[in-house]
Amino acid sequence: MDNFSKVLSGKAVADTVLEYVKSTTDRLVRQGIKPGLAVVIVGEDPASQVYVRSKGKKAEECGFLSIKHELAEQTSESQLLSLIASLNEDSTVHGILVQLPLPKHINADKVVQSISPDKDVDGFHYVNVGKLGTGAVAQAFVPCTPAGSMVLIEKVLGPDLSGLDAVVIGRSNIVGKPMANLLLAANATVTIAHSKTKNLRSVCRRADIIVAAVGRPRMVKSDWIKPGALIIDVGINRIVSDPDVGSKSRLVGDVDFDDALNTVGTITPVPGGVGPMTIAMLMANTLKAACLANGLPQPAF
Ligand code: NAD
């Protein structure tokens with residue numbers, strides 16, 4: 001296999017997910033149901049502003065009702081909680097997303113847990129975490145980044161990972177832990193590695209699938225990888241290429257892509273890998289919420 005065909009474009013797979021979301025939404029709209037996504041942002045964090053804008057734009061492209069609540073930095077926790085209570089009650093809103101991080105005076109966990117589990121399209125509510133953790137994947141809203149990573153894994157290996165060893169590097173609630181639960185539900189034998197893991201290289205080396213979600217640029221090298229393994233690189237790290245020659249900063253993953261390419265079976269690039277899948281799965285989760293709220297069968301991706 002040439003190296004070019006080893007690269008799995010998340011962008012291309014995300015486009016097919018979005019096409020499906022759009023065509024299903026068209027059908028729903030003809031039945032009088034318009035999926036609605038409300039995005040709430042507090043404060044002026046520039047990166048968060050960019051994320052919220054792109055989520056709103058994508059929701060519009062999908063044919064959703066797209067609602068944005070931009071609140072001032074000094075908004076109180078109780079004001080935010082009452083906005084969420086009103087969105088929970090609003091039947092035109094099927095998905096609610098609160099952009100994190102929130103300002104320090106607001107308890108983010110309290111806010112996230114106040115979202116109705118039925119509208120929790122980020123999949124962070126304990127009810128959805130519990131459903132995923134008990135293997136009730138179809139009933140859960142699964143966090144978008146691991147959900148998107150799982151779609152990519154299924155593209156390469158199919159839905160049943162019986163007999164395969166998977167290593168997830170990172171144990172965050174947003175990526176690592178839900179990722180491990182999805183792999184387990186697909187019958188993989190799963191190891192979760194983290195900052196306290198000893199001999200990470202040899203732990204990774206036995207894996208048929210590595211999902212790297214660490215936040216350390218190019219940490220995973222080719223000699224950590226079993227020949228032919230599938231590598232899903234979740235990491236997004238901004239590095240300054242070469243300050244001496246004044247080159248601009250750029251994004252790299254947690255895997256040393258150029259070094260790994262000769263060893264891997266398949267690898268996702270950064271950018272253009274897991275990133276586009278994350279936003280596509282947010283749209284998929286919103287569509288799912290709209291279907292379930294209206295007693296319709298949930299869409300299959
Ligand atoms: P996090 O900081 O919450 O978690 C990082 C994890 O990495 C921790 O569990 C920690 O134990 C582990 N870790 C840290 N150093 C390690 C080391 N030396 N060896 C092994 N494990 C180590 O981060 P997160 O929110 O899970 O995100 C991880 C990465 O994924 C970041 O680069 C983030 O930007 C990226 N991310 C990408 C997307 C996307 O859409 N592509 C979405 C979310 C996060």
Side-chain angles (χ1 to χ4, degrees), residues 7-15 17-18 39 45-48 50-55 57-58 97-102 108-109 112 121-124 129 132 141-153 166-183 190-207 210-221 223-225 231-239 249-257 267-285:
V7 180
L8 175 60
S9 165
K11 167 87 176 59
V13 180
D15 285 346
V17 171
L18 290 168
V39 179
D45 178 62
S48 296
V50 172
Y51 292 141
V52 163
R53 256 200 309 279
S54 68
K55 287 167 186 171
K57 190 163 162 265
K58 202 58 87 182
L97 180 147
V98 177
Q99 185 65 42
L100 301 176
L102 289 169
D109 194 44
V112 167
V121 284
D122 255 341
F124 298 158
V129 175
L132 176 59
F141 286 104
V142 177
C144 302
T145 300
S149 301
M150 199 62 206
V151 171
L152 294 175
I153 291 168
V167 170
V168 179
I169 321 175
R171 57 173 162 182
S172 71
N173 291 332
I174 294 174
V175 189
K177 284 182 201 151
M179 187 73 242
N181 274 323
L182 285 172
L183 288 160
V190 184
T191 302
I192 305 179
H194 48 78
S195 56
K196 309 288 182 204
T197 299
K198 298 243 182 326
N199 302 322
L200 185 55
R201 177 184 167 280
S202 54
V203 170
C204 288
R205 182 90 195 151
R206 60 170 192 255
I210 296 176
V211 181
V214 186
R216 288 184 167 249
R218 299 181 179 134
M219 184 181 81
V220 178
K221 305 290 181 192
D223 63 352
W224 296 32
I225 297 169
I231 313 296
I232 305 291
D233 192 352
V234 178
I236 300 178
N237 309 287
R238 187 164 287 284
I239 58 158
S249 68
R250 66 183 187 111
L251 297 179
V252 298
D254 290 341
V255 180
D256 190 333
F257 184 88
I267 185 167
T268 60
V270 178
V274 173
M277 287 305 294
T278 296
I279 192 153
M281 296 318 287
L282 175 65
M283 301 306 134
N285 276 351

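Residue numbers start at 1 and run along the sequence shown. When reading the values below, keep in mind they use all heavy atoms of this one structure, side chains included, and skip hydrogens, waters and symmetry mates. Counting starts at 1 for both ligands and their atoms, in listed order.
Near ligand 1, heavy-atom contacts under 4.0 Å come from Thr145, Ile169, Gly170, Arg171, Ser172, Val175, His194, Ser195, Leu200, Ala213, Val214, Gly215, Arg216, Met219, Val234, Gly235, Ile236, Asn237, Val274, Gly275, Thr278.
In terms of modelled atom types and a separation under 3.5 Å, the side chain of Thr268 and the main chain of Asp233 share a donor-acceptor contact. One N or O on the side chain of Asp254 and one on the backbone of Arg216 form a donor-acceptor pair closer than 3.5 Å.
Rounding to the nearest 0.5 angstrom, the gap separating the CZ atom in Phe124 from the CD1 atom in Ile174 is 4.5 Å.
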Do Ile153 and Val211 pass the side chain to side chain contact (heavy atoms under 4.5 Å, CB included) test, and can you show the C-alpha distance, the side-chain angles, and the key distance before you say yes or no?
CA-CA 10 Å; Ile153 291 168; Val211 181; 4.2 Å; yes
| said: Met283 vs Val121, test: side chain to side chain contact (heavy atoms under 4.5 Å, CB included). Steps then yes/no. | reply: CA-CA 9 Å; Met283 301 306 134; Val121 284; over 6 Å; no
| said: Determine whether Arg171 and Lys196 satisfy the following criterion, side chain to side chain contact (heavy atoms under 4.5 Å, CB included), listing intermediate values before the conclusion. | reply: CA-CA 11 Å; Arg171 57 173 162 182; Lys196 309 288 182 204; 3.9 Å; yes
